[in-house]
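Residue numbering restarts at 1 for every chain, and letters A, B, ... go by the order of the sequence lines.
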Amino acid sequence: MNALLPLLLLAAPLAGALWIVAFARRPNLREAGSLLAAGVMAVVAGLIVTRVAAGDSVEVVLLDLVPGAPLHLRADGLGAFFAFMASGLWAITTVYSIGYMRGAREHAQTRYYFWFAVCLLAVAGLTLSANLVTFFVFYELLTVATYPLVVHKQSAEAIRAGRKYLAYALTAGLLLLAAIIWTHELAGEFALRPGGILPPDIPRGSLWALFGLFIGGVAVKAGVMPLHSWLPSAMVAPTPVSALLHAVAVVKAGVFGVARVVGWVFGPTLLADLGGAEVLAWFAASTIVLSSLIALLQDNLKRRLAFSTIGQLSYCVLGLALLTPEAMAGGMFHMLGHGLMKITLFFCAGAIYVTTKKTRVSQLDGIGRQMPYTMIAFGVAAVGLAGFPPLVGFTAKWFLLEGTTATGHTAFSVALVLSGVLNIAYLFPIVLRAFFRSSPDHAERADARPALLAPLLVTAALTIVIGLAPDALLPLWSLVAEAAAEVTR
Amino acid sequence: MSPVLDELMARLNYIGYVGLTLIGFYAMITRAHLMRQVVGLVIFQTGIIVFFISTAAKWGGALPIAVGEGTPAPVEHMNPLPHALMLTAIVVSVAVQGVALALLIRLKRTYGTLDEDELVQQMD
Amino acid sequence: MEHAPVLLLLAPLAASILIAVLAMRRTGVAYAVATTATAAAAALSWALLLRVVEHGPVTYLVAGWGETGAHPPGLDLNIGIELVVDVMGGFVAAVVATMAAMSMVWSRHSVLEELGDRGPTFYAVACLALTGLLGMCVTGDAFNLFVFLEVASLAGYALVGSGGGRSQLAAFRYLILGATGASLYLLGVGYLYAATGTLNMGDLAGLLTDHPLTPVALAFIISGLGLKMGLFPLHAWMPDAYTCSPSAVAAFIAPVFTKVMALALMRFLFTIFGVEAFEGALPAGQIIAWMGAIAAIVGAGVAAVQSDLRRLLAWSSVGQIGYIGVGIGIGSPLAIAAALLHVMNHSLMKGALFYVAGSSRARRISELRGLSRRMPVTAVCLVIAAASLVGVPPLGGFFSKWYLLQAAIGASQPWLAAAVIGGSLLAIAYVFRILEAALLAPEKAPATATTSSGGAVSAPLPRTESPPSSLAPLVVVSGLIIVTGLLSHLIVTRWLLGAAG
């Protein structure tokens, strides 16, 4: 059974993808398949979480990819956590997708659902990768599978955005490839082990170069400045794509990659000794502040959210780079926290677009009267993102601040607090506009259709529930805390 | 004779082969007329044939035909193998020339010229 | 089975003669004969490969020359022509024969359309070319290799020249450069013979230690075979030859010709010259590796700015040959395995891409527009081949790049690794130009259809998928790209590393 679970986690989206193609001409059946696959995947991921939390080993070794590296799937704390987050949110997003794609009358919906399922397949494989080769295979698959979703509109703008995305992501992939092969040359293995696999007696110059290659490989997806610029461009994709992939799955795969590199390839001891983590932390801290400032200037709602995402992702990266168990756990947990809040915000943006065709912040005067539930959910997520207790954003920020003060980095503490203030500055005006201004456009009450509204209310509720009790549904917080402790031990 | 001249005479064949290949190569590179390029190729290949035959030559060597009883002494004969090889090589080079000429005939019929620059101009 | 090595050559040769004698007016018959013969050659080559992997190299003395008692006592060198099938040669022979068979099947439609009544000639000459190529793979004699090389090349010139005027000029240029290359090779063999007194590859390897003529021979042979294989900067014939020739010819030549030349180069460097090539007076390994590295970047870079689809593919080949060059030049067992693996992978993906180019009848990249609707299956195959070219795991192309990088880093040659990566980056650029045109570019509505009322949904183009004879080989080759990718680990460890070690 424990060997079967990883396979099931991959099989669910794969079967879903095939189903979607098979029933391309029957939308209801097609989307039912997508929904079913997402549901099964979420349940399997939940099972994996409980097994891993119980201390079982959940793993399976398949065919060899290259000598010394089989296709090896194994769930550890962080992997199970990410797998559950991604698949659970996929299930919710699928409901939303159905509402959005039908509501906006998008073309090529089969292609859309198909590649969405393939993306989730890639994410599932990524989370369970037990060695660097497996990790790379799924990392590249994720890059490729996201491309058709970015260019979905097939407009000139979308194609440009797709080019940019590929240029960034595939370049990063090649750097990662070189880094992985070099690691094998130095360490003699491809495994991912808590505490790192690199021997400490490597010349520092090589270590720096290797760290640079690795971070260049994974930080692009994590949107760390100055490698972020593909992300705002990619907002041309349909909103569910922005919501799940550009706030949860793809970008978090980058953060996940950073976590694996820091904790499982180099190991905190070696990185602290090298000083690489410090540099990474500075990049992350600058990204947090800069992106928030840029977000203030954006009028397009999705672009504003995209820059917000860039900043919030760097919270995670900063946490990982601080190398203390608390900060690392905080950084990892913020993957979920930010995921929930940002997906809610994107869902709201999409609901507004489908219902009113508005895409700009300046057009949203009084929209709270027309779409009260939507805007309340937006408000909840905005508050959470700024880090107010007891919402889910608070947990991460608390541990991050603990980490910055513990390591004596006052500058990082300042960056975190400043970013909280800026978060309020770029998200609250939207809420205020929505409820305290009025506009003849939005006088009548006509909230989004149920398929759009239900998912965003659920995710908004989850930000409160998980914020109050992080282990309420499943032992999610315990998993990442344990993973962080294991790495730093 | 002076030693320098001796040396030269002993290697005359090889000097000849280098000269022929260089002439052929030069013609192939510099001539715009396709027919001249073919001629260059032929000279080039002839140079190589000269080289091979030279490796087989021997002062005072007899024809490599076994006469009478007993094992022939290889030292007393010309080496027959390079000759055999060059027979094949000549056949090959004739075939190459054949294909080249066939292509040139077709080009000439279509475009009325064999000057490379004019051909390219006409094609564009 | 005893005569398999020579039957491998006789099958296409017989087909060629048969067509020339009996079927010069009947394209259908010629097609049937050519496909049967190439398929038989493919089957034989696989059987041979499997046997060689299992039981070690197979040698075959043509006409029994050199068998005990056939030559005077006391002479222990091989004087007859010897065919030797080892894993390296058997592997390339299998790849070449398989791709040739695929191209033959694929060519049916394209030959009828483009070559008309010259169809039988195409099949006869193509079979002759295959004879030469397979002969190069299995011969154990340096001069015999020259003969087979010229057989293949002559057939190649004739094939390239079988289109219009442009193709004849391209063929002529190819001929001049190709004949020069072959002559240089012959010259190198002459020096080897002068140094050792033998032409048998196995005997040469033993006799050739530290002879003063070795670097000269090496230089001639590398430049000769480098020219034939299109290794930068000796690639000048390739773009025109691939672009101007008829589709069927390009699809037949592009996947196989340069690969066999690469094999010949490997034979000389590894089995004949050995250490001499890497540590001797002429650092041949380094030179070839750097030629390859520059090729990888320049080839891909020039490909990225082409607007003619087949010229783009040709320049892409220049770059991909560069990868093979890098592997040959590094010369470690892993690098040789990588080069051989890339011989197979490049053969498969370039074959698939030329089939797509031929089936879609696109000359310019922009003419691929709407391919995903007009020819959905072809479009999927295009995506697979293109993704393999970029190196998306787990497709074949990814793994050759993987082993190549591993070999470069393992040999402490980070700059070669960087060149491989740089070439891949540029490859992304040209591959996505093709894919964008084929999959994303808005379609022009056909003239008869009324335009839709401004919605995002345009009037669907009529489906004009290619006929089964064109589609089947494309699908099979695309499938092979996936399968060989997944099984590359087995291919490398079971076959290629053994061949390289």
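- Here the closest non-hydrogen pair linking Gly161(C) and Leu103(B) is CA-CD2, 4.1 Å.
- For the pairing with Thr196(C), the side chain to side chain contact (heavy atoms under 4.5 Å, CB included) check across Thr214(C), Leu213(C), Leu204(C) returns one residue only, Leu204(C).
- Looking at Tyr191(C), the atoms closer than 4.5 Å to chain B (heavy atoms on both sides) sit in the backbone and in the side chain alike.
- Screening Phe220(C), Phe148(C), Phe268(C) against Tyr185(C) for a ring-ring contact (aromatic ring centres under 6.0 Å, His included) leaves a single residue, Phe268(C).
- Only the side chain of Phe143(C) has a heavy atom closer than 4.5 Å to any heavy atom of chain B.
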Go through the steps for Leu13(C) and Cys127(C) under the test side-chain contact (heavy atoms from CB on, under 4.5 Å), then give the verdict. CA-CA 6 Å; Leu13(C) 183 62; Cys127(C) 284; over 6 Å; no
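- Of the atoms belonging to Met28(B), it is side-chain heavy atoms, and not backbone ones, that fall under 4.5 Å from chain C.
- In terms of heavy-atom pairs under 4.5 Å with chain C, the best-connected choice from Ile48(B), Val99(B), Thr55(B), Leu119(B) is Ile48(B).
- Taking a 6.0 Å sphere around OH of Tyr14(B), one finds it holds more than 12 heavy atoms contributed by other residues, nucleotides or ligands.
- For Ala179(C), the parts lying near chain B are the backbone and the side chain together; criterion is any non-hydrogen pair under 4.5 Å.
- When each of Tyr242(C), Phe257(C), Trp237(C) is tested with Tyr174(C) by the rule ring-ring contact (aromatic ring centres under 6.0 Å, His included), just one qualifies, namely Trp237(C).
- Only the side chain of Leu41(B) comes within contact range of chain C, with heavy atoms under 4.5 Å apart.
- Note on Thr110(B), Leu34(B), Thr88(B): by heavy-atom pairs under 4.5 Å with chain C, the leading option is Leu34(B).
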